[in-house]
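Computed from a predicted model, the values in this text were never measured in an experiment. Residues take their numbers from the sequence shown, with the count starting at 1. Quick note: numbers below take in every heavy atom, side chains included, and nothing from hydrogens, waters or symmetry partners.
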Amino acid sequence: MALIERETEVQALRAALTDCQAGPARIVLIEGAAGCGKSELVDTLDEWADSGGVLTLRAFGSLAERDLPLGVMRQLAGDAPAGSLPEVSVAADGQPQVSAVREFQTALERLSSSIPLVISVDDLHHADSASLRYLQHIVRHSRSTRMLLVLTAPLHQDGQDAAFGTELLRSRHVRRIRLRRLTPEGSRLVTAGSVVPAPGEDLSTELHAISGGNPLLLRALLEEYRSAPSGARPFRPEPGGLFGQAVLTCLRHSGPHALNVGAALTVLGDSYTPERAGRLLSIPTFTAAQSVASLQASGILDGHLFLHPCTESAVLDQISSEVLANLHLSAAELLHLGGESLTTVAGHLLATAQRDGSLVTTPWAVDVLREATEHLLMNNESTRATDALELAHELSRDEQQKADIKTRLAAITWRVNPGRAEKHLSAPLAVLRSGRLASERMAPLAELLAGQGRIAEAAEVRSIILRESGANGAQDNGSRTGYGTVADEVSGPAVTRTEERAGRGDSRTDAETAAQVFLRNTVLTDETLEPVVRALRVLSYSGHPERAAQCCRELIAEAERQNAPAWQSLFSSLLAAVLLRLSDLHAAEEYARRALDCLPEQSSSAFVGAPTATLIRARTLMGDHAAVARQLHQPVADTLFKSIHGLAYLRARGLYLMATHQLDSALGDFLEAGRLAKSWGVDRPSMLPWRTDAAEALFRLGETDQAETLVEQQLADPDARRPWVRGISLRLRAVTSDRRQQLSLLNQSVDELSRSGDRVELARSLADLGRSLRAAAEPIRADAVIRRAWNLAWECGAEALCAEISPELEPEDRMRQRSTAQPQFRSGTDTKLSDSERRVATLAASGYTNREISLRLHITVSTVEQHLTRVYRKLSITRRQDLPVDLQLTVSTAEAV
């Protein structure tokens, strides 16, 4: 290895040896960084000398012996033939006498007259000062002797005596040889001559990157590679192994401060300057810069950074945790005073704490950590931001400040772990309930609780705010006073305003448009998270779930970009709920699972109730009751039924219980969900139609009067203006109506649900309509409607509903549907049709004859036939039975039977 890429140096050394044998003295100074092969080159010279009849005298400088007078000279004298050189000595002041030096010089000349001499001194910078006086005299006076003096010294290091270095500069007989690190090609040649890499493994490139071309480090890596298990790839040096030892050797040979400077560099990173490193280590700036230059030359550093993580790890292995903690603390103080960025200072504070260092001497740390948190969040470093704020909480001694920090922690931790975020609010709530929380800190706490869906606790805080502010009538208004604002925060003010406009007859589109504009122009942050969720709810509940779905997909991608898994879970959960409303059961199940998979501590978070509820409902409709039963046996958070997510969970569980004929238990869940929703002021049928859920259970239990009362209450709610709420309510109202009114109500229900996008509920109403038509002696229409209901349920994956409808099908239809039914739902199918064509096609698909269609739409039979012909051509079908089942009904209830 020593001779690879050393051809020029070898040639120069051979020439010097040849010249000295001819008579005139030669002096060669070999310079190079630690580990670059200075000693190997001297060893090679010794081998040449021994084989060429040349006498070699060799000495080694040592840090341990640099204060031992004449240590180097005694080594040289010891290699000479006995009696050929006089004994070296020093005077009382520790310096050699001139007469003794001259006597030694004369003896050398006498010895070299009989045999050429090679005198080598390795690590000259460690030679004692007395020996340097002897060597200086030899350099100055040995020009005519047959002698070669070879000295080795590292780069960027000063020896003990500047005068000796000056003497070398003066002499015209000195030849300087500088050894450099190996190039990538040199490393390849060394590697190829030492080991056989695994097939496809670019070993030389990797080893060169780790070693920086330093021959000593490269040799250590090759030795470790030979002994490493063959399957341990890619290769990395072992901690404390040969490579680590070689790095330590390079550090020790790069100056007395090199190891400490290396530690300082790992701490300072990009904040390094020679001045800062010097202040950190209490050494002169020049000394720090010199050590850095030495480490650069050896290939350990690239600039002021470690060339490779393995090298940095090898250095850190030599530094105790306590020393590193103190360095980080000192760096934090130094950089804080120097006006360095808050995030950098906070990083050093965190590193100090992680190594169990004490921060009691940094009273400013809490404010720095809190401010740094916000900068870290802007850079999407949520984990570091959380760590910084948790350390700030640990260091704070002010109760109000600690409550503030915990509240902020709850907000930012929501990005990653909702369960932990919910736990963070326990401490502020405890301070609140003890009466010690300052009033200005209550509103943010209430807002955050509401944002987490913890309605009961949010209302508790609101009540205290109202009481302390002396709000009139706070006690008289009961729960509505405490919960009205919270209800807006959960459902969204825009939703509430939309309904108010609807009540006045105003357009409902203003809030929807505002929500879309808001979502399009808003950047997702901790502060905008809740408004974004509210805007999504506006789109979901106002009849545009498909737009909400698209926004959710975009927000999932943004949350992933921001490395916020809990946000991914949140928007996946919202998307799952929207897809469930759109009756895409398999997609709803998939996104609900994704939402759960993003969470690290599922059972500890009340939020888990939301995606779990969607998962339960989707699987219940799909008929996978065994999977639902297993899901319901999973533990839930203690706070679930104090949160808005608990309402969704109760409804989902109730629907499963009703599907498995556990009607009393199902009714209990529906009524409990209703009780909580009313007490929290979030009784919104568009969010939670608990009355019709309970009514259906009551109808099945034979409690008709109570069921009718609940249905009428839901129809009287402002939310009943929405197609989805009105559609499911009308279906239940038809249960106890007379035959003619029943047909009218079910037709209205089908009409409303056709516009809602909920194909499963549409299939339910169609199935009920088909049964009513059959009871009204309209078998042809009844068969067509029931067929359409079954197709819809099948397309959605609602196998349980298919099984419920199947007995209503004719035997031949049942066989044909099961063998040939394929999903026909295509988004935008009816956009090919004009309004007139769509109305005709919808009635035809529902079983109406051409004459019946003409009477209901007030057009001629010929016009009906023309419309159908165009419909068949546009949809590439040939008969009425092939009409798609996803056509949107636009026939008014006045036109329906």
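- In this structure, the ring pair (Phe, Tyr, Trp, His ring centres under 6.0 Å) partners of His304, at least two apart in sequence or on a different chain, are Tyr272.
- Considering all non-hydrogen atoms of both residues, Ser187 and Gly213 come closest at OG-CA, 4.1 Å.
- A salt bridge links Asp19 with Arg26: at least one charged nitrogen is closer than 4.0 Å to a carboxylate oxygen.
- When all heavy atoms of Ala34 and Ser254 are compared, the closest pair comes out as CB-OG, 3.7 Å.
- Scored by the salt bridge (Lys or Arg N to Asp or Glu O under 4.0 Å) test, Arg188 finds Glu185 as partners (sequence neighbours excluded).
- A 4.5 Å side-chain heavy-atom check between Pro215 and Arg6 finds at least one atom pair inside the cut-off.
- Across all non-hydrogen atoms, the minimal contact from Ile210 to Pro237 is CD1-CD, 4.2 Å.
- The aromatic rings of His336 and Trp364 sit parallel, their planes meeting at an angle under 30°, below the 60° perpendicular limit.
- Note on Asp43 versus Arg58: salt bridge recorded, some NZ/NE/NH1/NH2 to OD/OE distance being below 4.0 Å.
- Taking the side chain as every heavy atom from C-beta outward, Ile30 and Leu151 never approach each other to under 4.5 Å.
- With sequence neighbours excluded, no residue forms a salt bridge (Lys or Arg N to Asp or Glu O under 4.0 Å) with Glu390.
- Between atom OG1 of residue Thr386 and atom CG of residue Leu376 there is a gap of 9.5 Å, rounded to the nearest 0.5 Å.
- Residue Ile177 holds its CD1 atom at 10.0 Å from CD of Glu31, rounded to the nearest 0.5 Å.
- Residues Leu41 and Glu9 have side chains in contact (heavy-atom distance under 4.5 Å, counting atoms from C-beta outward).
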